[in-house]
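Throughout, numbering of the chain's residues begins at 1 and tracks the sequence. In each ligand, atom 1 is the first atom listed, and ligand 1 is the first ligand listed.
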Amino acid sequence: MRRAVYPGSFDPVTFGHLDVIERSLKIVDELIIGVLRNHTKNPLFSVEERVSMLKESTKQFSHVRVESFDGLLVDFAVQSEAAVIVRGLRAITDFEYELLMSQTNSVLNPSVDTVFLTTRLQYAYLSSSTVKEVALMGGDISKFVPEHVMRHVYDKYERKD
Ligand code: ADP
């Protein structure tokens, strides 16, 4: 049984994340999506909301579990009995941070390896921050996120106005 964790903030989940999830499932038998709880960024959505949107977005996949975590990623991987961490790479700008993080993690725990999936070109520009910026300005985010996520994002900004 090859199990991996896919960590992130997912604030909110986008089609870019879902593409990485779908492609990971061709490589691993089970994927545990780890939603980071105590992030230094000030998230738009609570961790419970982010988990719930991910569950709804991945309900068609039987070998996906969504959980929240805090603390060290390598500890979450070990607890989950996963030897692999999956991360997505969009652009060269992601590379330095991702390299440092994977090297740090392998010093902390050499038995956990990081695997990178490069983004599909059609999602290379896409990030949760882009989604929030466009929505805040009243733009159309239907090409970026599933419909149920789109409703949650618009609801948040309406409530904030
Ligand atoms: P973090 O704050 O940890 O970077 P994110 O939710 O922004 O968390 O991203 C989680 C993971 O998904 C990261 O590895 C990120 O590079 C990847 N990712 C985000 N957007 C895309 C995308 N459009 N295509 C491929 N990978 C992506």
Side-chain angles (χ1 to χ4, degrees), residues 3-28 30-58 61 63-77 79-80 82-106 108-109 112-136 139-150 152-153 156:
R3 186 181 288 147
V5 292
Y6 177 37
S9 336
F10 305 102
D11 186 42
V13 57
T14 69
F15 286 136
H17 296 128
L18 293 173
D19 179 56
V20 169
I21 292 167
E22 200 171 339
R23 286 159 61 209
S24 303
L25 288 169
K26 293 184 186 147
I27 307 169
V28 302
E30 193 179 11
L31 189 69
I32 298 167
I33 304 172
V35 181
L36 195 54
R37 187 175 277 277
N38 59 351
H39 210 269
T40 43
K41 298 172 197 166
N42 186 19
L44 178 64
F45 291 100
S46 70
V47 75
E48 291 77 17
E49 290 171 316
R50 286 179 274 147
V51 166
S52 144
M53 285 185 282
L54 266 162
K55 281 188 176 163
E56 178 66 22
S57 308
T58 56
F61 304 120
H63 300 288
V64 169
R65 245 165 48 208
V66 186
E67 288 173 12
S68 61
F69 78 102
D70 49 24
L72 285 177
L73 172 57
V74 280
D75 292 344
F76 176 65
Q79 265 167 35
S80 309
V84 173
I85 295 167
V86 173
R87 294 285 289 174
L89 279 181
R90 278 162 296 190
I92 198 77
T93 44
D94 282 341
F95 184 79
E96 196 176 351
Y97 170 75
E98 293 293 340
L99 182 68
L100 290 178
M101 196 165 80
S102 74
Q103 288 169 336
T104 308
N105 286 335
S106 75
L108 292 172
N109 188 334
V112 180
D113 259 308
T114 306
V115 165
F116 295 102
L117 290 184
T118 50
T119 180
R120 278 193 203 286
L121 277 179
Q122 74 188 110
Y123 300 126
Y125 64 92
L126 186 53
S127 69
S128 301
S129 321
T130 307
V131 171
K132 288 180 279 191
E133 273 165 39
V134 173
L136 182 62
D140 178 8
I141 56 168
S142 61
K143 292 201 173 79
F144 308 153
V145 295
E147 212 206 315
H148 64 98
V149 174
M150 181 169 81
H152 285 300
V153 176
K156 276 276 175 195

- Task: For the residue pair I33 and I21, establish whether any side-chain heavy-atom pair is separated by less than 4.5 Å.
- Result: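 Side-chain contact under 4.5 Å: yes.
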
- Query: Hey, are the side chains of R37 and F69 touching, using non-hydrogen atoms and a 4.5 Å cut-off?
  - Reply: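 Side-chain contact under 4.5 Å: no.
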
- Message: Check the orientation of Y123 and F15. Use parallel for under 30°, tilted for 30 to 60°, and perpendicular for over 60°.
- Response: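 Geometry flag for F15 against Y123: tilted rings.
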
Where on [X] is there a heavy atom closer than 4.0 Å to ligand 1, on the side chain, on the backbone, on both, or on neither?
{"X": "S127", "result": "neither"}
{"X": "Y125", "result": "neither"}
{"X": "R87", "result": "both"}

- Please report the closest heavy-atom contact between V20 and L117, naming both atoms and the distance.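 Looking at all heavy atoms of both residues, the closest pair is O-CD1, 3.8 Å.
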
- Query: For L89 and E98, which heavy atoms make the closest approach, and how far apart are they?
  - Reply: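 Answer, listing the atom of L89 first, then E98: CD2-CG, 3.7 Å.
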
- Task: Look at ligand 1 and say whether P7 reaches it with a heavy atom at a distance under 4.0 Å.
- Result: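 The answer is yes, since P7 has a heavy atom less than 4.0 Å from ligand 1.
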
- Message: Any salt bridge linking R65 with E67? Criterion: basic side-chain nitrogen under 4.0 Å from a carboxylate oxygen.
- Response: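 Salt bridge between R65 and E67, a charged N being under 4.0 Å from a carboxylate O: yes.
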
- Pair K132 + D11, salt bridge at N-O below 4.0 Å: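 Salt bridge flag = yes for D11 with K132.
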
Need the ligand 1 atom indices (1-based, order shown) with element for anything under 4.0 Å from a heavy-atom of [X].
{"X": "Y123", "result": "22 (C), 23 (N)"}
{"X": "G8", "result": "3 (O), 8 (O), 10 (C)"}
{"X": "V20", "result": "25 (C), 26 (N)"}
{"X": "L126", "result": "20 (N), 21 (C), 22 (C), 23 (N)"}

Is there a polar contact between ligand 1 and [X], counting only N or O atoms under 3.5 Å apart?
{"X": "G88", "value": "yes"}
{"X": "H17", "value": "yes"}
{"X": "F10", "value": "yes"}
{"X": "S9", "value": "yes"}
{"X": "Y6", "value": "yes"}

- Message: Can you tell me if F95 has over 12 outside heavy atoms packed within less than 6.0 Å of its CZ?
- Response: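 Counting neighbours around CZ of F95, 12 or fewer heavy atoms of other residues, nucleotides or ligands fall under 6.0 Å, so no.
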
- Message: If we count only N and O atoms by modelled type, under 3.5 Å, do the side chains of H17 and S57 hold a donor and an acceptor together?
- Response: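 Their side chains do not contain a donor-acceptor pair, so the 3.5 Å distance test is not met.
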
